[in-house]
Amino acid sequence: MCTIMCCCGKKSGITKVNEGLKATVSRGPDNQRVVEIKNSDAEISGIMGFQRLSIMGLTPEGMQPFYLNGSYAVCNGEIYGFKKIRQELIEKGYSFKSGSDCEILLPLYREYGAEMFSMLDAEFACVIFDGQSGEFIAARDPIGIRPLYYGIDKDNQIIFASEAKNLVGCCKKIMPFPPGNYWKNGKFVCYCDITKVDNVIHDDLEVVCGQIREKLIAGVEKRLDADAKVGFLLSGGLDSSLVCSIAQSRSNKPIKTFAIGMSTDAIDLKYAKEVADYIGSDHTEVIITKDNIISSLETVIGLLGTYDITTIRASMGMYLLCKAIHQQTDIRVLLTGEISDELFGYKYTDFAPSAEAFQQESIKRVKELHMYDVLRADRCISVNSLEARVPFGDLDFVKYVMAIDPKIKLNKYNKGKYLLRHAFEGDYLPHGILYREKAAFSDAVGHSMVDYLKEYAESQYTQEEYEAGIERYDNARPFTKESLLYRDIFEKFYPGQSEMVVDFWMPNKEWDGCDVNDPSARVLSNYGASGT
């Protein structure tokens, strides 16, 4: 990961950007550069800052901001297929100084303007200064895999930054930049709604599953390309196991896989080891305790920038696992299994009353990914100076799955996510793993982990303190002692910024069987064998 920060306006100051970047040194520990952006009359138009984590094009020439004939660009991103694009640009007369994928952005913008964003197969957040027009343009990928926030400073200038913590103290209100949009001339323009379906796919089950298989394989393969070392998070669940299996089948040596679990009742460790043994990976287990969890809670909420219960619970194990990887290895890139649930269904979507309801819920979850699972993966990984890559977020893959007739995505097979499981029948995974019941990551690290967090929250408030505490908050009001604890800690780091998150992640309470007061699938009647 890297950090970008850009203050747009004549009253911009280098000090403001330098101060903001102090909060995210771990995102880009290799180098930092802050430059004044000047227009054609040599007047200051803004300030651009960049913190680098070297992944592609490791030479100094790959350091940003990039410059081209009066224009500047900063980008935290991974652009797939960039070598072909770069060659096409060379044939148009452009030259390049580095092997960085992001160096193609300014020539692309010169050729195509804002239309370029819809051409990219990428996960990215970027800001461009157009030296010809004197305008700033910011954009974010269609899912929001790479983070981007914005706020208005006291001089009424807009500031863009990779994380909300870059903007705390200089902007009154901080908001996430909407995925699939670009900002220009003071307005947001949607260049790609990844959830929009133009033509529903009515192919039969075997054809659909064949496409799912081929597109996911392609999504994994393109994410293996890096000039830095690559590792894999392996929970033993379906999604991460598929990513690891595909990657191992494309490697001529054992890939490095990592799993985490509580010292007492870890569910996933045994399944992760079964997968690792089956595919032949070089596997590492990380064991954590109650003390690790409780002592890390404030750190995790501070790095996340959320008060959401599910996100915080699931981040505890992920943060501690990535911390161990950072401390004990020289790996720089991690592939993960996020985004499968939003496409193929959670445990609670088994209760969807219709195909239309399932599809609408999937649309909602994909649109909100940048505030929940994607945010979790980015922050837990980047705070440990690593880069996250998410094969299930491949744009071609997501567009295809969203377009599948929701009637066949419904769980009418007595097995959730059946299409994905059926797509990979064969020798990719042991049958027991392929058809294992889903367990939420926060539960599968060990049921005791969530129990410890709840117990700790209970110890922090009397009933009277709890009732008084929730009254302090009008937006996204806490509804348990655990949620109040998380919100109180959040406010220490991000005072008054609760609107950055739309609400608590919860099952759809309008559906029969889903009117619950805890986001864990453990409280659902169909959880069954998920917890074993």
Side-chain angles (χ1 to χ4, degrees), residues 1-4 21 24-33 50-64 74-80 82-83 98-103 122-126 141 145-147 162-163 219-235 240 243-244 246-248 250-260 281-284 286 303 315 317-338 374-394:
M1 296 300 181
C2 301
T3 310
I4 64 172
L21 289 174
T24 50
V25 172
S26 60
R27 289 191 72 93
D30 295 335
N31 201 352
Q32 176 173 310
R33 181 183 294 165
F50 183 74
Q51 291 169 324
R52 185 184 189 192
L53 177 67
S54 302
I55 301 296
M56 299 295 291
L58 305 183
T59 64
E61 287 76 18
M63 184 59 185
Q64 301 183 38
V74 283
C75 179
N76 169 27
E78 200 65 46
I79 302 171
Y80 302 107
F82 79 96
K83 293 177 182 177
S98 76
S100 170
D101 51 332
C102 294
E103 194 180 357
E123 44 211 44
F124 71 94
C126 73
D141 69 73
I145 291 176
R146 295 303 171 97
S162 289
E163 293 195 30
V220 173
E221 285 180 337
K222 69 176 68 170
R223 284 162 177 81
L224 298 176
D225 183 19
D227 295 331
K229 292 186 178 181
V230 179
F232 301 81
L233 300 186
L234 176 58
S235 72
S240 64
V243 170
C244 292
I246 294 167
Q248 185 61 76
R250 268 61 185 170
S251 177
N252 56 12
K253 62 182 180 179
I255 64 171
K256 293 184 179 295
T257 55
F258 300 87
I260 192 166
S281 67
D282 178 0
H283 189 58
T284 300
V286 175
L303 69 90
S315 294
M318 185 175 241
Y319 163 72
L320 290 167
L321 178 57
C322 294
K323 181 179 180 181
I325 294 169
H326 172 66
Q327 292 175 340
Q328 300 169 21
T329 79
D330 57 356
I331 283 170
R332 284 294 188 99
V333 178
L334 287 174
L335 269 67
T336 76
E338 276 74 28
V374 163
L375 178 147
R376 166 175 57 83
D378 175 85
R379 303 304 192 278
C380 291
I381 292 174
S382 67
V383 78
N384 288 296
S385 300
L386 303 165
E387 175 176 291
R389 294 188 181 178
V390 191
F392 281 98
D394 185 76

Colleague: For the atom pair CG (D101) and CD (E78), what is the distance rounded to the nearest 0.5 Å?
Modeller: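 With rounding to 0.5 Å, CG (D101) is 4.5 Å from CD (E78).
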Colleague: Out of curiosity, I145 CD1 to L375 CG, how far, rounded to the nearest 0.5 Å?
Modeller: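 Reported to 0.5 Å precision, the distance equals 12.5 Å.
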Colleague: Write down the atom of N384, the atom of K323, and the distance for their closest heavy-atom approach.
Modeller: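 N384 and K323 have their closest heavy atoms at OD1-CA, 3.2 Å.
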Colleague: For H283, give me all partners under side chain to side chain contact (heavy atoms under 4.5 Å, CB included), at least two apart in sequence or on another chain.
Modeller: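 H283 satisfies side chain to side chain contact (heavy atoms under 4.5 Å, CB included) with L234, T257, A259, A272, A276, S281, E285 once adjacent residues are dropped.
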Colleague: Is the shortest side-chain heavy-atom distance between E387 and L334 below 4.5 Å?
Modeller: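 With C-beta onward as the side chain, the pair stays apart.
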Colleague: Which heavy atom in R27 sits nearest to a heavy atom in S382, and how many Å separate them?
Modeller: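 In terms of heavy atoms, the two residues are closest at NH1-OG, 3.0 Å.
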Colleague: Could you pull out the closest heavy-atom pair between V383 and C380, with the gap in Å?
Modeller: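 Between these two residues, the closest heavy atoms are CG1-O, 3.6 Å.
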Colleague: Atom CD in E103, atom CD in E61: separation rounded to 0.5 Å?
Modeller: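 If we round to the nearest 0.5 Å, E103:CD and E61:CD are 9.0 Å apart.
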Colleague: How close do C2 and S162 get, heavy atom to heavy atom, and via which atoms?
Modeller: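 Between these two residues, the closest heavy atoms are O-OG, 3.8 Å.
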Colleague: Excluding sequence neighbours, so at least two apart, what forms salt bridge (Lys or Arg N to Asp or Glu O under 4.0 Å) with E338?
Modeller: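 Salt bridge (Lys or Arg N to Asp or Glu O under 4.0 Å) check on E338 returns R376.
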Colleague: Heavy atoms only: give me the nearest H326-S385 pair and the separation to one decimal.
Modeller: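 Closest pair (atom of H326, atom of S385, distance): CE1-CB, 3.9 Å.
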Colleague: Just so I know, are the side chains of V74 and C126 near enough to count as touching, which here means a heavy-atom distance under 4.5 Å?
Modeller: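 Side-chain contact under 4.5 Å: no.
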Colleague: Using the side-chain contact (heavy atoms from CB on, under 4.5 Å) rule, take L386 and I325 through it: C-alpha gap first, then chi angles, then the decisive distance, then the call.
Modeller: CA-CA 9 Å; L386 303 165; I325 294 169; 4.3 Å; yes
Colleague: Are E123 and R389 close enough that some pair of their side-chain heavy atoms sits under 4.5 Å apart?
Modeller: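 When only atoms from C-beta onward are counted, R389 and E123 do touch, with a gap below 4.5 Å.
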Colleague: Set out, in order, the CA-CA distance, both residues' side-chain angles and the distance that settles side chain to side chain donor-acceptor pair (under 3.5 Å) for E163 and T3, then state yes or no.
Modeller: CA-CA 8 Å; E163 293 195 30; T3 310; over 6 Å; no
Colleague: Quick one, D225 and K83 - any side-chain contact, counting heavy atoms below 4.5 Å?
Modeller: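 Side chain of D225 against side chain of K83, heavy atoms only: contact under 4.5 Å found.
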Colleague: How many angstroms lie between atom OG of S100 and atom CZ of F82, to the nearest 0.5 angstrom?
Modeller: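 The distance works out to 7.0 Å.
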Colleague: Take L335 and V333, measure what side-chain contact (heavy atoms from CB on, under 4.5 Å) needs, and give me the verdict at the end.
Modeller: CA-CA 7 Å; L335 269 67; V333 178; 4.3 Å; yes
Colleague: Check the pair V390, V374 against side-chain contact (heavy atoms from CB on, under 4.5 Å), reporting the backbone distance first and the verdict last.
Modeller: CA-CA 9 Å; V390 191; V374 163; 5.9 Å; no
Colleague: My understanding is that only residues two or more places apart in sequence, or in another chain, count here; which of them pass salt bridge (Lys or Arg N to Asp or Glu O under 4.0 Å) with D30?
Modeller: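 Once residues adjacent in sequence are excluded, the partners of D30 under the salt bridge (Lys or Arg N to Asp or Glu O under 4.0 Å) criterion are R332.
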Colleague: Looking at D141 and R146, does any basic side-chain N land under 4.0 Å from a carboxylate oxygen?
Modeller: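 Salt bridge absent between D141 and R146.
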Colleague: Would you sort out whether K256 and I331 count as a side-chain contact (heavy atoms from CB on, under 4.5 Å), showing the intermediate values?
Modeller: CA-CA 9 Å; K256 293 184 179 295; I331 283 170; 3.9 Å; yes
Colleague: Can you check whether F50's main-chain N or O pairs, donor with acceptor, with Q64's side chain at less than 3.5 Å?
Modeller: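 No; judged by distance alone, with no hydrogens or angles, the pair does not exist.
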Colleague: Which atom pair, heavy atoms only, marks the closest approach of S240 to S235?
Modeller: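 Minimum heavy-atom separation between S240 and S235: OG-N, 3.0 Å.
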Colleague: Would you say the side chain of S98 lies within less than 4.5 Å of the side chain of M63, judging by non-hydrogen atoms?
Modeller: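 When only atoms from C-beta onward are counted, S98 and M63 do not touch, as no gap falls below 4.5 Å.
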Colleague: Let me confirm one number: the CZ-CD1 distance from R223 to I246, rounded to the nearest 0.5 Å.
Modeller: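 With rounding to 0.5 Å, CZ (R223) is 11.5 Å from CD1 (I246).
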Colleague: For K222, check salt bridge (Lys or Arg N to Asp or Glu O under 4.0 Å) against everything at least two apart and list the hits.
Modeller: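 Salt bridge (Lys or Arg N to Asp or Glu O under 4.0 Å) list for K222, sorted by chain: D121, D394.
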Colleague: What pairs with T284 under side chain to side chain contact (heavy atoms under 4.5 Å, CB included), at least two apart in sequence or on another chain?
Modeller: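 T284 satisfies side chain to side chain contact (heavy atoms under 4.5 Å, CB included) with F258 only.
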Colleague: Do V243 and F392 make a side-chain contact, defined as non-hydrogen atoms from C-beta onward lying under 4.5 Å apart?
Modeller: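 Yes, side chains in contact.
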Colleague: When rounded to the nearest 0.5 angstrom, what is the spacing between CD1 in I4 and SG in C102?
Modeller: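 It comes to 9.5 Å.
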Colleague: Who passes salt bridge (Lys or Arg N to Asp or Glu O under 4.0 Å) against R250, sequence neighbours left out?
Modeller: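 Applying salt bridge (Lys or Arg N to Asp or Glu O under 4.0 Å) to R250 gives E221.
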